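What follows is a short report on a single structure.
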Amino acid sequence: MESRKKAVEIRQVSKTFGTFQALETVSLDIYDNEFFTLLGPSGCGKTTLLRMIAGFEEPTTGQIVLHGSDIQSLPPHKRRVNTVFQSYALFPHMTLEQNVAYGLENLRWPKDKVRARVAEMLDLVHMSKFARRRPQQLSGGQRQRVALARALAPEPEVLLLDEPLSALDLKLRQAMREELRALQRQTGLTFVFVTHDQEEALDMSDRICVLGDGRIQQIGSPREVYENPANRFVANFIGETNFFDVDVLSVEGDQAKVRTPMGMELTATQKHVRPGQKQATLSLRPEKIGLDDQASGQILSGTITSTNYLGGFTHYVVRVGDADIRVSRRNDLSDTPTLAEGATVKLGFSPAATRVLGQ
Amino acid sequence: MKDFRFWGLLPAHVMMALTLIVPILIIVAVSFATRGAYGGFEFSFSTEAYRQILFNEGWTGELEFNPQYLLIIGRTVILAALTTLICMALAFPVAYWITLQGRTARVILLFMVTLPFWVSMIVRVYAWLIILGNEGVIEKALKLTGLVTDIDTLLFNSGAMLVGMVYSYIPLMILPVFASIEKLDPALIEASHDLHGSRAVTLRRVILPLCWPGLAAGAILVFVPCLGAVLEPILLGGGKIMMMGNLIQMQFGGARNWPFGAAIAILLMVLVMVFLLLNGLRATRRAMEEMT
Ligand SMILES: Nc1ncnc2c1ncn2[C@@H]1O[C@H](COP(=O)(O)OP(=O)(O)OP(=O)(O)O)[C@@H](O)[C@H]1O
Ligand SMILES: [Mg+2]
């Protein structure tokens with residue numbers, strides 16, 4: 001990864017609106033041909049960061065570098081990046097063709113090349129049939145595709161996408177996810193994708209940058225951020241988990257000896273504990289816990305206080321001592337019956353499946 | 001139900017008939033009557049009044065072309081069109097600037113735009129007489145710069161009339177243009193910049209086309225009353241430069257030629273209707289385009 005060419009470098013960038021600091025100082029690199037996702041809850045500064053790359057907001061401090069050159073002084077229309085807007089922002093007074101041609105005409109492409117490129121782009125997103133229509137005559141998903149074609153047409157160095165799927169219904173959203181991902185592979189373009197939907201991020205990205213409270217919480221592959229969350233924020237935001245406050249007894253490589261409040265001593269996996277850290281949070285994902293006959297490894301016993309049947313999975317809350325532990329069990333081949341509330345169950349998990357988080 | 005609709009709306013129909021249709025019919029009738037010996041008109045059918053717009057009758061009854069009224073009509077249309085264009089050019093940046101202000105500032109500014117309507121039109125036009133008049137602000141300022149020393153007068157010409165008309169009608173342009181700019185989605189402007197459109201390109205290809213409905217509405221509101229303007233020609237034009245409105249007024253007044261006055265009034269109405277029709281056609285064509 002490190003040897004790849006950097007497409008975008010965010011260097012020590014921060015943003016303050018009046019007295020409100022939307023983004024603390026952040027630095028990150030985005031590589032060529034990468035599907036890079038900015039993930040975080042509402043208001044964490046994702047759009048702000050994207051708009052600074054596009055040039056619509058000016059960083060309060062720091063600089064933004066595109067393929068090696070500082071673009072700080074360039075106005076938005078001179079930056080070789082294009083944006084897919086959340087609201088699509090298609091020009092209502094132009095046909096789809098004209099919408100897609102707009103960027104090319106501004107770049108002074110010759111007429112015949114514009115025509116060819118527009119046709120190619122509309123074809124790419126399966127919208128050739130509708131070339132002469134206007135945006136108002138399209139469905140949400142079709143508008144989405146045209147917005148994509150319009151942004152791709154001028155051959156940007158980086159494509160910015162601000163929650164492009166959030167206005168679509170669930171089925172369409174899933175279909176578009178795949179299309180978008182395929183398109184990115186096909187064009188080999190660098191995508192910077194903004195979303196607050198963790199599932200979307202896990203599904204599509206090469207790398208995810210988790211933003212929270214105006215700071216970068218973690219950058220890594222989908223597997224890394226899910227399996228080895230850097231801190232409580234990330235573990236909580238991506239997927240569900242059980243937290244335990246533990247004392248750190250000793251650390252050796254990626255293993256840490258910890259003691260739970262119940263006095264149990266475990267050897268857990270760690271990647272983010274700082275030297276000398278005494279207190280830590282232990283995270284255990286609900287699907288890594290086995291119940292009854294599936295319980296193995298470290299065994300506990302508790303009472304089921306709630307069950308939620310969700311089709312593919314059943315979610316349980318089990319009271320162990322004075323802690324509520326969430327467990328997720330797959331309704332698999334063996335056609336496991338749902339355990340009743342109030343039943344006493346055995347819980348089992350492998351210590352290696354627990355993660356000691358950083359701070 | 002149908003009955004109720006008819007009887008319920010009867011007062012409105014009666015009002016329309018009495019205040020709109022009947023008067024128009026009377027004017028049409030008068031325009032086809034004959035001029036009375038001592039003013040007024042006599043009921044005997046004649047197209048004389050319409051002929052008079054273009055032709056004089058010589059001593060022996062032969063017709064000779066008389067461009068005098070055509071000139072007035074032409075001047076009226078040109079001045080009205082010029083006023084409309086200048087109003088558009090001035091109103092757009094003003095309206096745009098107002099949309100950029102904060103909430104309260106916007107309300108205050110819009111109120112100020114409409115403020116002149118609270119004062120009588122005569123008073124407002126009269127004010128320009130003082131501004132443009134001898135020893136007026138502008139003349140004095142020009143003399144102070146030393147560039148111009150000998151000014152006869154700034155008043156009593158088409159320019160003065162134009163200034164007066166632009167001033168009178170520009171609020172009617174600012175308001176609809178403001179409304180259309182305010183409705184503009186800022187994301188579209190950003191999208192234009194994002195797609196490599198400079199400010200000028202964005203203005204020309206995105207902002208102006210999308211504000212066109214507002215500009216067209218403003219054009220109607222300004223152009224139509226300008227065609228019938230009476231006050232500005234009298235006060236600022238000094239009565240020397242006539243427009244259609246003055247011509248009509250004169251026929252019913254001093255000239256005592258009611259049929260001719262009525263004929264010109266009808267012509268003015270036809271001009272307005274043609275203009276509205278053209279505007280309507282444009283809108284329809286646009287709507288059709290959007291459907292297909
Ligand atoms: N122009 C602005 N003026 C003042 N504050 C702003 C401005 N733009 C954004 N903010 C604030 O900055 C913070 C980050 O905004 P941003 O739009 O980047 O959030 P986001 O992560 O994109 O959220 P969402 O998922 O809701 O779109 C928010 O608290 C927002 O209120
Ligand atoms: Mg956002």
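Letters A, B, ... mirror the listed sequences (proteins, then strands); counts begin at 1. Bear in mind the structure is a predicted one, so any value in this text is a computation, not a measurement.
With B/V222 as the partner, the side chain to side chain contact (heavy atoms under 4.5 Å, CB included) test is satisfied by one option alone out of B/L85, B/T83, B/V166, B/I170: B/T83.
Highest contact tally toward chain B, considering only A/R150, A/R79, A/E105, is held by A/R150 [criterion: heavy-atom pairs under 4.5 Å].
No side-chain donor-acceptor contact under 3.5 Å links A/S14 and A/T60. Between the side chains of A/D162 and A/Q86, no donor N or O sits under 3.5 Å from an acceptor N or O.
Contacts of B/L188 with chain A are made by both backbone and side-chain atoms, with heavy-atom separations under 4.5 Å. In this structure, chain B has heavy atoms under 4.5 Å from both the backbone and the side chain of A/F91. Both the backbone and the side chain of A/T83 come within contact range of chain B, with heavy atoms under 4.5 Å apart. The contact between A/L90 and chain B is made entirely by backbone atoms, counting heavy-atom distances below 4.5 Å.
Annotation for B/M16: atom CE does not count as buried by contact number, only 12 or fewer foreign heavy atoms lying within 6.0 Å.
In this structure the side chain of A/S27 never reaches within 4.5 angstrom of the side chain of A/I10, judged on heavy atoms.
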